[in-house]
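Only one structure is covered here, and it is reproduced in the block below.
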Amino acid sequence: MKALLEVKDLHASVADKPILKGINLTLNAGEVHAIMGPNGSGKSTMSYVLAGRDGYEITGGDILLNGASMLELSPDERARAGMFLAFQYPVELPGVGGMSFLRAAVNARRLESGEDEVDQLAFVKMVRAKAGELGITDDMLKRAVNVGFSGGEKKRYEILQMALLEPNIGILDETDSGLDVDALKIVSDGVNMLRAPERTMLVITHYQRLLSHIVPDYVHILADGKICRSGSKELALEVEESGYTGINDAA
Ligand code: ADP
Ligand code: MG
């Protein structure tokens, strides 16, 4: 088994406040891991730290991408190396045309892996095919990134980006929040389509319901900045029944 991402005793602070307090996690190629945990346990912080977002201080430990520390890599370099983060709250980018944004991202990734850039015509075809499967209309594609999109549309658009970028490591932060049942199904089907032997995905969610659509290989419970339990998909059902308090007590 090939470890794509290894998190080793990771400690991180925000505004001098320790949030992550020793996280250990290994994501192997082909695996889907879920992170569950109460609000405020550090789930989003962990995803931001993995993606290299500004404002987070790593105070201990390491993050290895294909065996090499990636702490010195910028968010952009991490993305080009094959890491993708779908935000809990996708940002609107007024004035940034959706198609050129998507194409720039795809071409940056292609250049990094020594492939030719994709031309506009071929790209439009590629996007239309994937967008159709995710219920994303031509009108949405023509607009500026996320501008005027509903919550569900933003989430579908994030999955479209992931489908186009074909990352090695996909991190989805509460992709289910704000989705109705139909949108949840579309998003989950999209994620399931992206399961691949060379890819790993980290699905962060507060609730079990997403995990009945995207069935994870492993489930980890994050509490107060640490993984307090790890298990199989059944652990998610246990959380659903006994809540996080019961899980913490058992740990
Ligand atoms: P989750 O995603 O699990 O709900 P977060 O990672 O968003 O949790 O937050 C973890 C903790 O970090 C919370 O106590 C939150 O208040 C705190 N936190 C997050 N971002 C900041 C920030 N920019 N400044 C201060 N505290 C923060
Ligand atoms: Mg969060």
Taking [X] for its side chain and [Y] for its backbone only, find out whether a donor-acceptor pair lies under 3.5 Å.
{"X": "N146", "Y": "V91", "answer": "yes"}
{"X": "R199", "Y": "L194", "answer": "yes"}
{"X": "K226", "Y": "N24", "answer": "no"}
{"X": "Y244", "Y": "H206", "answer": "yes"}
{"X": "R103", "Y": "V118", "answer": "yes"}
{"X": "K155", "Y": "P90", "answer": "no"}
{"X": "E133", "Y": "G190", "answer": "no"}
{"X": "R229", "Y": "I221", "answer": "no"}
{"X": "D9", "Y": "G61", "answer": "no"}
{"X": "R156", "Y": "V187", "answer": "no"}

Practice item. In plain terms, say whether E92 and K154 are close enough for a salt bridge, that is, a side-chain N and a carboxylate O under 4.0 Å apart. Key: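 So E92 pairs with K154 through a salt bridge.
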
**Study point:** Pairing of D138 and R128 as salt bridge, 4.0 angstrom limit
**Key:**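 Yes, charged N to carboxylate O under 4.0 Å.
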
How close do [X] and [Y] get, heavy atom to heavy atom, and via which atoms?
{"X": "L211", "Y": "A236", "value": "CD1-CB, 3.7 Å"}
{"X": "D217", "Y": "E31", "value": "OD2-CA, 3.3 Å"}
{"X": "V32", "Y": "R195", "value": "CG2-NH1, 3.5 Å"}
{"X": "G95", "Y": "A144", "value": "N-CB, 3.8 Å"}
{"X": "A81", "Y": "R109", "value": "C-NH1, 4.3 Å"}
{"X": "I204", "Y": "S47", "value": "CD1-CB, 3.8 Å"}

Check your understanding: Does E153 reach the side chain of I136, with side-chain heavy atoms less than 4.5 Å apart?
Key ->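 No. Closest side-chain heavy atoms not under 4.5 Å.
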
Review point. Any side-chain heavy atom of P216 sitting closer than 4.5 Å to one from M201?
Key: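 Result no, sub-4.5 Å side-chain heavy-atom pair not found.
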
To the nearest 0.5 Å, what is the distance between [atom1] on [X] and [atom2] on [Y]?
{"X": "L93", "Y": "F101", "atom1": "CG", "atom2": "CZ", "result": "5.5 Å"}
{"X": "R53", "Y": "T45", "atom1": "CZ", "atom2": "OG1", "result": "9.5 Å"}
{"X": "T205", "Y": "Q88", "atom1": "OG1", "atom2": "CD", "result": "9.5 Å"}

Review point. Among side-chain atoms of T59 and E57, is any donor-acceptor pair under 3.5 angstrom?
Key: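 On atom types as modelled, these side chains do not qualify, holding no pair under 3.5 Å.
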
Exercise for review: Walk me through it: do V239 and V219 pass the test side chain to side chain contact (heavy atoms under 4.5 Å, CB included)?
Suggested key: CA-CA 10 Å; V239 169; V219 175; 6.0 Å; no

Check your understanding: Any idea how H33 and H220 line up, ring-wise: parallel (<30°), tilted (30 to 60°), or perpendicular (>60°)?
Key ->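 Taking H220 first and then H33, their aromatic rings lie parallel (interplane angle under 30°).
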
**Study point:** Verdict with supporting geometry, L222 and I23, side chain to side chain contact (heavy atoms under 4.5 Å, CB included)
**Key:** CA-CA 9 Å; L222 191 65; I23 296 202; 3.6 Å; yes

